[in-house]
Amino acid sequence: RPSAGGSAVPGRLSSSTQGGKGKRAVVQPLAASVVTETPAPAVAPARPVVDAPPRRRGGRGTVEHAAWKSVRQERWEGALELEGELPLWLDGTYLRNGPGLWNLGDYGFRHLFDGYATLVRVSFRDGQAVGAHRQIESEAYKAARAHGKVCYREFSEVPKAEGFLSHVGQLATLFSGSSLTDNSNTGVVRLGDGRVLCLTETIKGSIVVDPDTLDTIGKFEYTDRLGGLIHSAHPIVTDTEFWTLIPDLIRPGYSVVRMDAGTNERRFVGRVDCRGGPAPGWVHSFPITDHYVVVPEMPLRYCARNLLRAEPTPLYKFEWHLESGSYMHVMCKASGRVVATVEVPPFVTFHFINAYEEKDDEGRVTAIIADCCEHNANTSILDKLRLQNLRSSTGQDVLPDARVGRFRIPLDGSPFGELEPALDPDQHGRGMDMCSINPAHVGKKYRYAYACGAHRPCNFPNTLTKIDLVEKTAKNWYEEGAVPSEPFFVPRPGAVEEDDGVAISMVSAKDGSAYALVLDAKTFHEIARAKFPYAMPYGLHCCWVPRSTSDA
Ligand SMILES: CC(=O)/C=C/C=C(C)/C=C/C1=C(C)CCCC1(C)C
Ligand SMILES: CC(/C=C/C=O)=C\C=C\C=O
Ligand SMILES: [Fe+2]
C-alpha cells in the first residue's frame, strides 16, 4: 500500500527506455515518497529516448511534448504534492490506463495506440493523494522485454518476420489469434463484483489487475464457448452486468453478448447482420439504453487483409468503404431481436457518449437518441495520432474538426435516421473526444458530458470541456501547453444533481511535469491538483474504485 512519509529512495529508471550518455538517469521523487524496485529488464539499456525538461528538436522551434514520450520507469509509488484543497468526500482510487511505453531499446513505435499499457493510480483519502504507476505485465509486454522486440501484433506494429513466419503460418496464427497482442492498453473498468479489468480490442487482452498494488493478477478467462478474437474496447459495465459486441469478420455482423457480474461467462443475446460492406464497421465502443443495445455500423470497417500485412496501411487494420453506407441498428436487450436498422449519414467515431429512449406522451418509445464524439466522417484523425505527427506538430493547428454527433434512430420502421451536431462545435473549439458522463445516467436521458476539446491552434485535444446538452453550451478548462486526458466524472456520494461531483484528469504539462487535476464538475473550476514528481505520458481511459470496495 502507498506509504506516505517513507524514506526518500531515488526513483530508479528501470525500463529499457532509460539510460543516457553513459549515466543512469534518475527521477527525483518528493521527499515523502517510496519507490518500488523493479527487476532489471532483460533488454540492453539503450540510447535515451526520454529527456526532461522538454527538448527542442529539428531546429524548427518545435518541442517534443512529454505526453508523447515513454514513461520513465516501470513502476513508482509515492505521496503527491497538493495544490488546492481536495474534497473530503473524495475517497477512493482513480485508475487510468493507456499506452505509455512506445520504445523498445532505441526502436520507437509508430502509433499512439501501439504502446505497452501503463496503469496510473491516484488514491484519494482525507484530503491527501498518493500516486503510482506500473506497467501491465501482459504476455506481449513480457515477451518484448525478454527479447527486446515486438513479438505480437499490436495496433500497427507487427513482429518482424525474420523468416520465422511464412504467409501460411501468419494466416494460421492470425486465425487462431495466437499472434494477436494481449497488450491491454485502452480501458480499465471495475466490474460489478469488484474485480478490475484492463481491456483492449483483442479478447485475450482482458487482464485483471489489483487496484491497490497495480499487480497484474492474470488473464481474465471467459469460461463460455463464444470464442471470437476481437471485441469492443469499451464494454458497458454496471453493478450487475457487462455488455459487449463481438464483430464477425467472416460473415459480416456482430454478436451482442452479456455477462452477469460475478461470473466469467458471456451469454449470446443476439446477432446483427451488417447491411453493407465486406466486413463489419469498427466498433471501438457502442451505447445502450434501458431496454436496447445500439450497434453502430460505420464505413470505417475492419479489413482481414490489412490484419495480415507486415507494414501498416494508411488506415491500419481498417478500410474506408463510403459506398457501403452507414447504419445504426437497435437490438432489444430482452429478446435479442433487431427492432430497427436505419441508414444514417457517414460518420467516424471512437467513442459513444451515451444513448437514451425518446418517448411519446403515452410513454411509448418512439426513437433512440445516441451521442458520440464524431470526427466529421473523416478518418484523418487516425493518421494524426501517429507519434511522429504528434511529436512534430506541437502548436500547429492540425487537429481535424470534431463534434458531438447526435443520432436520432426512429423506431417506427422508417429507413433513415438523422445525425446532427448536438451543439455548435465552436463551443468546444471543434475538438471532441475522450468523454465521460455521470454513471447513474448511462442509458438514460442526461444533460452533461465531459470530454477533451480544443483551444486552437492545436494538434491534439488540449482542453477539458463540460458540455451542456440542454443549453447547448460548453465550459472549458485550458492551460497553455497542457495535454489533458479524459475528464473522468466521479459523483459525490449522495448527490442528486447530475453534475454534483468532480471531473478528474491526468495532465501532462508543457514543462515536463504531470498532475492529476480535480475540477468541480458543476462550475468546472479547478479545486486541486496533485503533482507527480516526474513526467507522465498521455493516457486514455479511467475508472473509479470507491474506498469501501477497494478496502479489504
Ligand atoms: C488504444 C485504442 O484506442 C485502440 C487500440 C486498438 C487496438 C490495440 C487494436 C488492435 C487490433 C489488433 C491488435 C488486431 C486486430 C485488429 C485490431 C482490433 C485493430
Ligand atoms: C485520443 C483519441 C482521439 C483524439 C482526437 O480528438 C482517441 C482515442 C481513442 C481510443 O481510446
Ligand atoms: Fe477508447
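Whatever order the structure lists ligands and atoms in, that order sets their numbers, starting from 1. Basis for what follows: all heavy atoms, side chains included, without hydrogens, waters or symmetry-related copies. Because the structure is predicted, anything quoted here is derived from the model rather than measured.
- Every atom of ligand 1 with a heavy atom of Thr200 under 4.0 Å away is listed here by number and element: 7 (C), 8 (C).
- Of all the atoms in ligand 1, the ones that sit under 4.0 Å from a non-hydrogen atom of Arg153 are 13 (C).
- Protein heavy atom nearest atom 16 (C) of ligand 1, with residue, atom name and distance: Leu307 CD2, 3.3 Å.
- Looking at atom 10 (C) of ligand 1, its nearest protein heavy atom turns out to be Phe155 CA, 4.2 Å.
- His329 and Asp273 form no side-chain donor-acceptor contact under 3.5 Å, judged by distance and modelled atom types alone.
- Looking at atom 17 (C) of ligand 1, its nearest protein heavy atom turns out to be Lys317 CG, 4.4 Å.
- When only modelled atom types and interatomic distance are considered, Glu74 and Tyr141 share a side-chain donor-acceptor pair under 3.5 Å.
- Taking the six-membered ring where the residue is Trp, the centroids of Tyr254 and Phe286 are separated by 6.0 Å or more.
- Expressed to the nearest 10°, the angle at the Fe ion (ligand 3) joining NE2 in His284 with NE2 in His351 is 100°.
- Ligand 1 is never approached by Phe350 to a heavy-atom distance shorter than 4.0 Å.
- The ligand atoms of ligand 1 that sit less than 4.0 angstrom from a heavy atom of Glu154 are 13 (C).
- Looking only at protein heavy atoms, the nearest one to atom 5 (C) of ligand 1 is Thr186 OG1, 3.8 Å.
- In this structure, Phe318 has its ring center under 6.0 Å from that of Trp282.
- Atom numbering of ligand 2 starts at 1 in the shown order; those under 4.0 Å from a heavy atom of Ile381 are 5 (C), 6 (O).
- Between Trp243 and Glu241, the side chains place a donor N or O and an acceptor N or O closer than 3.5 Å (distance only, hydrogens not considered).
- At under 3.5 Å, a nitrogen or oxygen of His541, whether backbone or side chain, sits near a nitrogen or oxygen of ligand 2.
- Annotation for ligand 1: atoms under 4.0 Å from non-hydrogen atoms of Phe318 are 19 (C).
- Taking atom 3 (O) of ligand 1 as the reference point, the nearest protein heavy-atom neighbour is His284 CE1, 3.2 Å.
- Considering only non-hydrogen protein atoms, atom 4 (C) of ligand 1 sits nearest to Phe113 CD1, 3.6 Å.
- For the 3.5 Å distance criterion, the side chains of His231 and Glu201 fail to qualify, holding no donor opposite an acceptor.
- Residue contacts with ligand 1 for Leu540 involve side-chain atoms from C-beta outward but no N, CA, C or O (heavy atoms, distance under 4.0 Å).
- Remark: Glu480 CD is loosely packed, at most 12 non-hydrogen atoms of other residues, nucleotides or ligands lying under 6.0 Å away.
- Across Lys384, His234, His284, heavy-atom proximity to atom 10 (C) of ligand 2 is greatest for His284.
- Residue Thr181 has at least one heavy-atom neighbour below 4.0 Å for each of these atoms of ligand 1: 13 (C).
- Listed here is the closest heavy atom pair of Glu154 and Asp114: CB-OD1, 3.7 Å.
- Here the heavy atom of the protein found nearest to atom 14 (C) of ligand 1 is Leu180 CD2, 3.4 Å.
- Note that CZ of Phe460 and OH of Tyr538 are 3.5 Å apart. Values are rounded to the nearest 0.5 Å.
- For atom 6 (O) of ligand 2, the closest non-hydrogen atom on the protein side is Pro461 CG, 3.2 Å.
- Not a single N or O atom of Tyr538, backbone or side chain, sits closer than 3.5 Å to an N or O atom of ligand 2.
- A centroid separation of 6.0 Å or more is found between the aromatic rings of Tyr446 and Tyr448.
- Under the 4.0 Å criterion applied to side-chain N and carboxylate O atoms, Arg403 and Asp424 are not assigned as salt-bridge partners.
- His234 contributes NE2 as its N, O or S atom closest to the Fe ion (ligand 3).
- Using a non-hydrogen distance threshold of 4.0 Å, Ala402 does not register as a contact of ligand 2.
- Nearest protein heavy-atom contact of atom 12 (C) of ligand 1 is Thr202 CG2, 4.2 Å.
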* To do: Could you walk me through whether Thr186 and Leu199 pass side chain to side chain contact (heavy atoms under 4.5 Å, CB included), step by step?
  => CA-CA 6 Å; Thr186 308; Leu199 293 153; 5.7 Å; no
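- No part of Tyr316 comes within 4.0 Å of ligand 1, judged by heavy-atom distances.
- With a 4.0 Å cut-off on non-hydrogen atoms, Glu201 touches ligand 1 through its side chain and not its backbone.
- Electrostatic pairing of Lys142 and Glu137 does not count as a salt bridge here, judged by no charged N lying under 4.0 Å from a carboxylate O.
- Contact atoms of ligand 2 toward His351: 8 (C), 9 (C), 10 (C), 11 (O) (distance under 4.0 Å to a heavy atom of the residue).
- When ring centroids are compared, His351 and His375 stay outside the 6.0 Å threshold.
- Interface of His375 with ligand 2, defined as ligand atoms under 4.0 Å from a residue heavy atom, comprises 5 (C), 6 (O).
- For an aromatic pair to be called close, the ring centres must be under 6.0 Å apart, and Tyr116 with Trp102 fails this.
- Thr465 and Tyr450 share no side-chain donor-acceptor pair at under 3.5 Å.
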